[in-house]
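The structure appears right after this line, and notes come after that.
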There are 2 protein chains.
Amino acid sequence: MPQPIQAVEFTPEHGETPQCESHCPVHLNQIRQLQPEMLPLERAQQMAEFFGALADPTRLRLLSVLATQELCVCDLATALKMSESAVSHQLRVLRSQRLVKYRKEGRNVHYSLADSHVINLYREATEHLDEAD
Amino acid sequence: MPQPIQAVEFTPEHGETPQCESHCPVHLNQIRQLQPEMLPLERAQQMAEFFGALADPTRLRLLSVLATQELCVCDLATALKMSESAVSHQLRVLRSQRLVKYRKEGRNVHYSLADSHVINLYREATEHLDEAD
DNA sequence: TCTATACTTGAATAACTATTCATATATTTG
DNA sequence: CAAATATATGAATAGTTATTCAAGTATAGA
């Protein structure tokens with residue numbers, strides 16, 4: 001896994017006493033060596049929020065139609081048969097994770113996909129799901 | 001976006017009346033044409049569940065240490081400084097989405113990453129997050 | 001077979017999240 | 001400026017989820 005980590009908060013005072021007995025394959029020293037590989041909590045939280053933005057059917061449907069063209073909120077609401085308010089709330093989540101970008105034009109706000117990562121993540125997930133469930 | 005969709009439940013009876021006025025860029029006919037591009041609800045839910053499995057700091061940390069080596073539950077618990085029960089519950093979520101696989105050996109259960117999609121998704125997310133926040 | 005260990009699981013609780021409803025802001029048009 | 005439209009937002013509610021605790025299963029060894 002990438003992200004070989006910077007700050008690790010591994011304190012020898014508490015917690016790392018292994019519950020495993022001696023026959024367990026990995027022991028204290030090795031677990032200590034695992035720490036540098038482990039995603040630091042803060043980064044893990046940031047990343048979880050990002051994946052969280054993708055973890056909702058409504059938001060995924062919004063992204064799927066935005067993949068075809070730029071659309072304003074009321075068109076998105078119409079296409080998904082949802083209230084504009086609900087769509088707007090979800091677009092805010094997508095914006096907060098920079099999954100979509102927007103462009104104001106008069107009273108309309110046109111949304112579109114932010115970058116290619118969105119498509120790539122979508123594709124990876126699709127491939128994974130299509131492999132023998 | 002991939003996944004050009006199979007069944008679309010677009011019924012002309014209700015919902016698709018456009019809230020947008022005539023100056024809105026996309027009209028009813030075009031919105032109707034959007035439907036085939038839209039992720040069907042069932043697939044969207046399936047995909048949301050998958051991303052949901054990645055949307056938790058604990059599970060991402062588990063994956064990050066499993067990326068370095070196969071590990072048993074008690075070692076994972078020790079490394080993350082969490083109860084074995086909590087870790088086991090989270091591993092169940094990862095298993096349910098086939099993000100990890102496991103191997104029983106005596107009383108230990110050794111977990112490892114399921115396939116390369118995990119790494120790819122991790123990398124895409126990392127790259128996205130590292131771009132100008 | 002009895003005990004200990006590794007892991008799993010169900011129920012309960014606390015924290016989080018999606019939608020609705022009401023309201024607010026901004027822009028266009030009369 | 002007033003009215004209408006497009007979007008955004010705050011509060012409330014209902015549904016979801018992560019962790020804990022207690023109990024359960026399975027395997028190994030005495």
Side-chain angles (χ1 to χ4, degrees), chain A residues 15 17-27 31 41 44-45 48-62 70-97 100-111, chain B residues 15 17-27 41 44-45 48-62 70-97 100 102-111:
Chain A
T17 309
Q19 275 78 44
C20 285
E21 292 304 296
S22 55
H23 61 279
C24 206
V26 176
H27 311 305
I31 289 169
L41 190 54
Q45 271 157 350
E49 272 182 47
F50 174 70
F51 280 120
L54 294 169
D56 177 81
T58 296
R59 291 194 289 268
L60 289 171
R61 299 183 103 200
L62 287 171
E70 182 184 69
L71 286 164
C72 64
V73 178
C74 73
D75 284 335
L76 288 168
T78 303
L80 271 78
K81 299 182 197 164
M82 292 182 61
S83 73
E84 291 176 28
S85 176
V87 167
S88 186
H89 276 297
Q90 300 298 25
L91 286 170
R92 192 158 62 92
V93 176
L94 294 174
R95 265 190 280 128
S96 78
Q97 297 300 321
V100 296
K101 55 179 192 259
Y102 64 97
R103 179 175 71 79
K104 286 189 85 169
E105 191 177 293
R107 30 187 159 180
N108 293 307
V109 179
H110 300 268
Y111 281 86
Chain B
T17 310
Q19 276 77 41
C20 284
E21 292 304 297
S22 55
H23 61 279
C24 206
V26 176
H27 311 305
L41 190 54
Q45 271 158 351
E49 271 182 47
F50 174 70
F51 281 120
L54 294 170
D56 177 82
T58 296
R59 290 193 291 267
L60 289 171
R61 299 183 103 200
L62 286 170
E70 183 184 68
L71 286 163
C72 65
V73 177
C74 75
D75 284 335
L76 287 167
T78 304
L80 270 78
K81 299 181 198 164
M82 291 181 62
S83 73
E84 289 176 31
S85 176
V87 167
S88 184
H89 276 297
Q90 300 299 23
L91 286 170
R92 192 158 62 94
V93 176
L94 294 174
R95 264 190 280 127
S96 77
Q97 296 300 321
V100 296
Y102 63 97
R103 179 175 70 79
K104 286 189 84 166
E105 191 178 294
R107 29 187 161 181
N108 294 308
V109 179
H110 299 268
Y111 281 87

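Chain letters run A, B, ... following the sequence lines, proteins first, then strands; residues in each count from 1. Because only heavy atoms are used, hydrogens play no part in the values below, and waters and symmetry mates are left out as well, while side chains stay in.
B:L60 is listed as a side-chain neighbour of A:F51, based on a closest heavy-atom distance under 4.5 Å. Between B:L91 and B:L76, the closest side-chain pair of non-hydrogen atoms falls below 4.5 Å.
Shown are A:E70, A:R95, A:R103; of these, the side chain to side chain donor-acceptor pair (under 3.5 Å) with A:Y111 is made only by A:R95. The side chain to side chain contact (heavy atoms under 4.5 Å, CB included) test with B:L62 is passed by exactly one of B:D56, B:L94, B:V93: B:L94.
Contacts of residues 87-94 of chain A with DNA chain D (heavy atom under 4.0 Å): A:S88, A:H89, A:R92.
Between the CD atom of B:E49 and the CG atom of B:L54 there is a distance of 12.5 Å, given to the nearest 0.5 Å. Atom CZ of residue B:R107 and atom SG of residue B:C74 lie 10.5 Å apart, to the nearest 0.5 angstrom. Expressed to the nearest 0.5 Å, how far CZ of B:R61 lies from CD of B:Q90 amounts to 12.5 Å.
A distance-only check finds a donor-acceptor pair linking the side chain of B:R59 to the backbone of B:G52 [under 3.5 Å].
Whole-Å rounding puts the B:L62 CG to D:dA18 P distance at 12 Å. In this entry the distance linking CE of A:M82 with P of C:dC21 reads 12 Å, nearest Å. In this structure, CG of B:L80 is placed 16 Å from C1' of C:dC7, rounded to the nearest angstrom. Rounded to whole angstrom, the span from the CG atom of B:L41 across to the P atom of C:dT19 amounts to 10 Å. Taking atom CG of B:L76 as the reference point, atom C1' of C:dT8 lies 15 Å away to the nearest angstrom. Look at CG on B:D75: it is 16 Å from P on C:dT5, rounded to the nearest Å. Between B:L60 atom CG and D:dA18 atom C1' there is a gap of 14 Å when expressed in whole angstrom units. As a whole-Å value, the separation of B:E84 CD from D:dC21 C1' is 14 Å.
Looking at B:S85, its side chain comes within 3.5 Å of the base of C:dT9 through a donor and an acceptor atom.
Shown here for B:L41 and A:P57, the closest heavy-atom pair between the two residues is CD1-CB, 4.4 Å.
The side chain of A:D56 lies closest to C:dA18, out of C:dC7, C:dA18, D:dT7.
The side chain of B:Y111 contributes an N or O atom lying less than 4.0 Å from OP1 or OP2 of C:dT8. Side-chain N/O atoms of A:N108 include none lying less than 4.0 angstrom from OP1 or OP2 on D:dT5.
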Show the distances under 3.5 angstrom between N or O atoms of the protein and N or O atoms of nucleotides 25-30 of chain D.
none

